[in-house]
Enquirer: 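One structure, pasted below without further comment.
Values in this document were obtained by computation on a predicted structure and should not be read as measured data. Both counts, for ligands and for their atoms, begin at 1 and track the order of listing. Along the sequence shown, the residues carry numbers beginning at 1.
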Amino acid sequence: MAGFLLQLPNNIRNLSVFASNGLHSLPLWSPPGAPQSGGPVIIELPLDKIRRPLMRTRANDPQKVKDLMDSIREIGLQVPIDVLEVDGIYYGFSGCHRFEAHQHLGLPTIRCKVRRGTKETLRHHLR
Ligand code: ADP
């Protein structure tokens, strides 16, 4: 008899299923009892929807940005940037070189790993 084997992670609470149209992702399924606020989600966000409060205080390495532009052009972004969402507003504090590379390449969106936070989390990042 033919069978079907689905291998799941040891901790099923970490498994969720999302539908994505490339821009937004919609949660389709989460395990029963999983926290609905959930863990981080991977979505494409428009660059102009991500606030970067520390942008003026930290300079990027221009050579790193150039190398990333070449690589992203060739193989795409391999690791999403980390983004914090507080009350529907997105904040980026890291991934500065990848973000700038996307800007120079004229890409409208960037793949982000978004996690929810509170105003307190935000204050902590701004300290
Ligand atoms: P950033 O300020 O964006 O974190 P870094 O130079 O410190 O810049 O690190 C570059 C990061 O970009 C690394 O974590 C690397 O794995 C990631 N990355 C994602 N996509 C690519 C790509 N296409 N080519 C090279 N590095 C990539």
Side-chain angles (χ1 to χ4, degrees):
M1 193 177 93
F4 179 72
L5 177 67
L6 177 63
Q7 288 195 323
L8 297 172
N10 287 341
N11 184 356
I12 197 173
R13 285 168 69 87
N14 290 339
L15 181 76
S16 296
V17 180
F18 291 85
S20 171
N21 65 2
L23 189 59
H24 301 287
S25 83
L26 180 72
L28 285 182
W29 180 85
S30 304
Q36 287 311 300
S37 55
V41 292
I42 309 290
I43 53 173
E44 290 275 336
L45 285 176
L47 268 64
D48 61 8
K49 287 276 177 286
I50 304 170
R51 296 191 187 179
R52 303 199 65 90
L54 306 179
M55 198 169 68
R56 280 180 203 83
T57 58
R58 291 181 189 172
N60 284 340
D61 176 339
Q63 187 57 50
K64 268 191 183 181
V65 174
K66 198 176 163 303
D67 291 346
L68 273 167
M69 285 172 66
D70 292 342
S71 179
I72 290 166
R73 201 185 282 118
E74 200 174 317
I75 60 170
L77 184 67
Q78 301 295 300
V79 182
I81 63 166
D82 288 310
V83 166
L84 177 69
E85 187 220 312
V86 179
D87 296 339
I89 299 177
Y90 297 102
Y91 298 89
F93 297 96
S94 57
C96 308
H97 294 86
R98 282 165 280 174
F99 189 88
E100 190 179 333
H102 275 63
Q103 285 180 316
H104 290 315
L105 288 168
L107 295 169
T109 63
I110 184 165
R111 190 170 308 119
C112 301
K113 183 174 176 179
V114 180
R115 68 191 167 85
R116 280 238 172 94
T118 61
K119 288 201 172 74
E120 184 50 38
T121 326
L122 183 59
R123 269 195 288 275
H124 175 78
H125 279 278
L126 292 170
R127 252 178 237 148

Enquirer: Could you list the residues that satisfy side chain to side chain donor-acceptor pair (under 3.5 Å) with Thr118, not counting sequence neighbours?
Expert: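 Per chain and number, Thr118 pairs via side chain to side chain donor-acceptor pair (under 3.5 Å) with Thr121.
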
Enquirer: Should Arg127 and Glu120 count as an ion pair when the cut-off is N to O under 4.0 Å?
Expert: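 Result for this pair is yes, salt bridge flagged.
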
Enquirer: Are Leu126 and Leu84 co-members of a hydrophobic cluster defined by side-chain heavy atoms under 4.5 Å apart?
Expert: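 Same cluster.
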
Enquirer: Any salt bridge linking Lys64 with Asp67? Criterion: basic side-chain nitrogen under 4.0 Å from a carboxylate oxygen.
Expert: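 Looking at Asp67 together with Lys64, the answer is no, because their closest N to O distance does not fall below 4.0 Å.
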
Enquirer: I'd like the contact residues of ligand 1, where contact means a heavy atom below 4.0 Å.
Expert: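 Within 4.0 Å of ligand 1, protein side: Lys64, Leu68, Ser71, Ile72, Ile75, Gly76, Leu77, Gln78, Val79, Gly95, Cys96, His97, Arg98.
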
Enquirer: I'd like to check the salt bridge (charged side-chain N to carboxylate O under 4.0 Å, His left out) partners of Arg111; sequence neighbours left out, ordered by chain and number.
Expert: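 For Arg111, the residues satisfying salt bridge (charged side-chain N to carboxylate O under 4.0 Å, His left out) (neighbours in sequence not counted) are Glu44.
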
Enquirer: Among pairs that include at least one residue of residues 74-83, which meet side chain to side chain donor-acceptor pair (under 3.5 Å), considering only residues two or more places apart or in two chains?
Expert: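 Output for this query is empty, none listed.
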
